[in-house]
Amino acid sequence: MKLKINSQGLKGHLKVPGDKSISHRSIMFGSIAKGKTIIHDILRGEDVLSTIEAFRALGVEIEDDGQVITVHGQGISKLKEPEKALDMGNSGTSTRLLSGILAGLPFETTLFGDDSLSKRPMDRVATPLQMMGAEIVGQTDKVKLPMTIKGSAHLKAIDYVLPVASAQVKSAVIFAALQAEGLTKVVEKEKTRSHTEEMLVQFGGEIKVSDKTSLVPGGQKLMGQEVTVPGDISSAAFWLVAGLVVENSELILENVGINETRTGILEVIQAMGSQLEILEQDEVAKAATLKVKASQLKGTEISGDLIPRLIDELPIIALLATQGEGKTIIRDAAELKVKETDRIAVVADALNSMGANIEPTDDGMIIQGGTKLHAPENAINTLGDHRIGMMVAIAALLVENGEIELERAEAIQTSYPSFFDDLEKLSENL
Ligand code: S3P
């Protein structure tokens, strides 16, 4: 598709769509709990639809009346062997979290995905789940999709130190631990998003979390709940950055989820010296209304335990850094290489083709600020990565002349189906 360029400013209010991580988990917890789960404001992006379809194939009745989603949970032991292999689409979260659930179910399930998901490492979930007693076989010894999981009705609890900072792997082990005999201990390298732990408690389960260690007793039974999904800060991130870098912009973003394990981008924006106001904050719903306007920015350093708190925002933060004064350094972010694309290489290539000066490194990027962006000579391809697509669409707003063709733009449906409608809306308010 041809992207909109040369924005004269973005203005107005926006309620950002539902959080992807919480949407997946609301379906999963609802499906393994007993009783009805009613979900408000779920994200109807393709990734979440993959999760919904997978649980339907496992025998769970899930209704969508266009307003709320109702999951008729019958308890985890009532999930049944699917008739055919499950298509996980582009979704790493669906695949890895579901693996933890399947690990304890005494039947065989094969999972497959699209070209991007088929390249992503699954050994990180296979290893702990095999230690617990599940049989998992994938393509190659690194375990890639298609992968077949034969669960065990007698999973054993483990003590496991996660070798990578990954909420997906932590969550897979927690889901398996709920079905195991004994107490499972999971220790993280860095604190990652805490939605699984929090929602487990919301669904009546038990977990003891202290700093980076979680203790999960086995043999748990959960009960259906009513869940309201807050807006996704990872989707809001595109508008936060657009509001800061597109001249003459002023945006109010409503219902932005502010779980503290996800708010690294707000700290980066503040460290870059720009204008960000929290207008309202709902402590119970963990959501806030944020306001940004076009501001002067300066470079910063992003590393260490901040990385898991903004891992999905790094592509759009890279764009933000190209517009600051001075250098921004991102390090400790090698995980970017195993996202929907190698986001170190793909972000650097896309923005450099538009005139940015980004040096990719082994675990991040060095970004020179103050660069003026222009239309690239060739089309830019998302390579199936939604966040690359949205980052390029925001970068295009800064380009004054020419045309920008975005190939495989449909990847944006993964997490933000109404992205271009929202861009239109914010462009019209001038
Ligand atoms: C997610 C965890 C993160 C994140 C992904 C969603 C989750 O992945 O990048 O978009 O919902 O648990 P990793 O666990 O691979 O870091």
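Below, all heavy atoms of this structure are taken into account, side chains as well, without hydrogens, waters or symmetry copies.
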Review point. Taking atom CD1 of I101 and atom CZ of R96, what is their separation to the nearest 0.5 Å?
Key: 15.0 Å
Exercise for review: Look only at the side chain of D363 and the backbone of A334, and say whether a donor-acceptor pair between them is shorter than 3.5 Å.
Suggested key: no
Review point. Between Q130 (side chain) and I136 (backbone), is there a donor-acceptor pair under 3.5 Å?
Key: yes
Review point. Taking atom types as modelled and ignoring hydrogens, do the side chains of E254 and H13 form a donor-acceptor contact shorter than 3.5 angstrom?
Key: yes
Point to revise | Within 6.0 Å of NZ in K212, more than 12 heavy atoms from elsewhere | key: yes
**Study point:** Y160 side chain reached by T184 side chain, heavy atoms, under 4.5 Å
**Key:** no
Review point. Is a side-chain N or O of T382 found less than 3.5 angstrom from the main chain of R408, in a donor-acceptor match?
Key: yes
**Study point:** S295 vs S274, side-chain hydrogen bond (donor to acceptor under 3.5 Å, both in side chains): CA-CA, chis, key distance, verdict
**Key:** CA-CA 5 Å; S295 328; S274 49; 4.8 Å; no
Practice item. Let me see the working for K20 and D47 under salt bridge (Lys or Arg N to Asp or Glu O under 4.0 Å), right down to the final yes or no. Key: CA-CA 8 Å; K20 182 159 78 69; D47 268 15; 3.5 Å; yes
Practice item. Show your working on side chain to side chain contact (heavy atoms under 4.5 Å, CB included) between L383 and I388 and close with a plain yes or no. Key: CA-CA 8 Å; L383 302 169; I388 297 296; over 6 Å; no
**Study point:** Side-chain H-bond candidate by donor/acceptor type, E226 with H40, under 3.5 Å
**Key:** yes
Practice item. Taking the side chain as every heavy atom from C-beta outward, state whether I38 and I69 have any atom pair closer than 4.5 Å. Key: no
Revision key, fill the gap. Here the gap from K189 atom NZ to D305 atom CG, rounded to the nearest 0.5 Å, amounts to 12.5 Å
Check your understanding: What distance separates M272 CE from K298 NZ, expressed to the nearest 0.5 Å?
Key -> 9.0 Å
Review point. Does NZ in K185 sit with more than 12 non-hydrogen atoms of other residues, nucleotides or ligands closer than 6.0 Å?
Key: no
Exercise for review: Would you check if the side chain of S23 reaches a backbone N or O of L43 as a donor-acceptor pair within less than 3.5 Å?
Suggested key: yes
Review point. Do Q220 side-chain atoms and P217 backbone N/O form a donor-acceptor pair below 3.5 Å?
Key: yes
**Study point:** Cationic N near anionic O, under 4.0 Å, E61 to R56
**Key:** no
Review point. Taking C-beta and beyond as the side chain, do K36 and V71 meet within less than 4.5 Å on heavy atoms?
Key: no
Point to revise | Residues forming a ring-ring contact (aromatic ring centres under 6.0 Å, His included) with F419, sequence neighbours excluded | key: W239, Y416
Review point. What is the distance from atom CE of M354 to atom CD1 of I380, rounded to the nearest 0.5 Å?
Key: 5.0 Å
Exercise for review: Carefully, step by step, assess R44 and D64 under the rule salt bridge (Lys or Arg N to Asp or Glu O under 4.0 Å).
Suggested key: CA-CA 10 Å; R44 288 179 178 77; D64 185 355; 2.7 Å; yes
Study note, to complete from the structure: On a heavy-atom basis, the closest approach of A395 and L351 is CB-CD2, 4.0 Å
Check your understanding: With a 3.5 Å cut-off and no angle check, do the side chains of H72 and E63 form a donor-acceptor pair?
Key -> yes
Point to revise | Heavy-atom closest contact (L398 atom, V245 atom, distance) | key: CD2-O, 3.4 Å
Review point. Take atom CG in D65; do more than 12 heavy atoms of anything else shown fall under 6.0 Å from it?
Key: yes
Review point. Is it the case that more than 12 heavy atoms not belonging to Q74 sit under 6.0 Å from its CD atom?
Key: no
Point to revise | SB check R124 E335 (cutoff 4.0 Å) | key: yes
Point to revise | Charged N-O contact under 4.0 Å between D19 and R262 | key: yes
Point to revise | Distance (rounded to the nearest 0.5 Å) between L240 CG and L266 CG | key: 6.5 Å
Practice item. May I ask you to check whether over 12 heavy atoms, not counting those of K286, lie within 6.0 Å of atom NZ? Key: yes
**Study point:** Exam field: side chain S116 to backbone E340, donor-acceptor pair closer than 3.5 Å
**Key:** yes
Revision key, fill the gap. Closest heavy-atom pair, L155 versus A134, reported as atoms and distance to 0.1 Å, is CD2-N, 3.9 Å
Between side-chain atoms of residues 310-324 and protein atoms elsewhere (two or more places apart, or another chain), which donor-acceptor pairs fall under 3.5 Å?
residue : atom : partner : partner atom : Å
D312    : OD2  : R193    : NH2          : 3.4
E313    : OE2  : S234    : OG           : 2.7
T322    : OG1  : L319    : O            : 2.6
Q323    : NE2  : T371    : O            : 3.2

Exercise for review: Indicate whether any N or O donor in one side chain lies under 3.5 Å from an N or O acceptor in the other, for T341 and R387.
Suggested key: no
Revision key, fill the gap. All heavy atoms of S194 vs all of N259, minimum pair found to be OG-ND2, 3.1 Å
Practice item. Mind checking the CD1-CG spacing from I207 to L215? Nearest 0.5 Å is all I need. Key: 8.0 Å
Check your understanding: Any Lys/Arg nitrogen of R343 or D385 sitting under 4.0 Å from an Asp/Glu carboxylate oxygen of the other?
Key -> yes
Check your understanding: When you check the gap from the basic side-chain N to the acidic O, do E424 and K4 get nearer than 4.0 Å?
Key -> no
Point to revise | Between S50 and S91, a side-chain donor and acceptor under 3.5 Å | key: no
Practice item. Evaluate the side chain to side chain contact (heavy atoms under 4.5 Å, CB included) criterion for residues L336 and M365: first the C-alpha distance (whole Å), next the side-chain angles of each, then the deciding distance (0.1 Å), finally the verdict. Key: CA-CA 11 Å; L336 286 179; M365 297 172 228; 4.2 Å; yes
**Study point:** M391 versus F238, closest heavy-atom pair with distance
**Key:** N-CE2, 3.7 Å
Point to revise | Residue K191 excluded, over 12 heavy atoms near NZ under 6.0 Å | key: yes
Review point. Are the side chains of F29 and T196 in touch, meaning some heavy atoms are under 4.5 Å apart?
Key: yes
Practice item. Identify the two heavy atoms, one from S26 and one from T37, that lie closest to each other, and give their separation to 0.1 Å. Key: O-CG2, 4.2 Å
Review point. Counting only N and O atoms by type, is there a donor-acceptor contact under 3.5 Å from the side chain of R25 to the main-chain atoms of S21?
Key: yes
Point to revise | K337, NZ atom: more than 12 neighbouring heavy atoms under 6.0 Å | key: yes
Check your understanding: Between K156 and E181, is there a salt bridge with N-O shorter than 4.0 Å?
Key -> no
Review point. Under 3.5 Å, side chain of S166 to main-chain N/O of V169, donor-acceptor pair present?
Key: yes
Review point. Can we say R309 and E260 salt-bridge, meaning some charged N sits less than 4.0 Å from an Asp/Glu carboxylate O?
Key: no
Exercise for review: Take L98 and L86 through the test side chain to side chain contact (heavy atoms under 4.5 Å, CB included) and record every step on the way to the result.
Suggested key: CA-CA 11 Å; L98 178 58; L86 302 182; 3.9 Å; yes
**Study point:** With A165 via side chain to side chain contact (heavy atoms under 4.5 Å, CB included) - residues at least two apart
**Key:** E190, T192, P308
Point to revise | Donor-acceptor under 3.5 Å (T300 side chain, A271 main chain) | key: no
Point to revise | Short side-chain to backbone donor-acceptor contact, S418 and D421, under 3.5 Å | key: no
Exercise for review: Apply the test side chain to side chain contact (heavy atoms under 4.5 Å, CB included) to residues K34 and L222: give CA-CA distance (whole Å), side-chain angles for both, the deciding distance (0.1 Å), then the verdict.
Suggested key: CA-CA 6 Å; K34 234 186 183 158; L222 307 179; over 6 Å; no
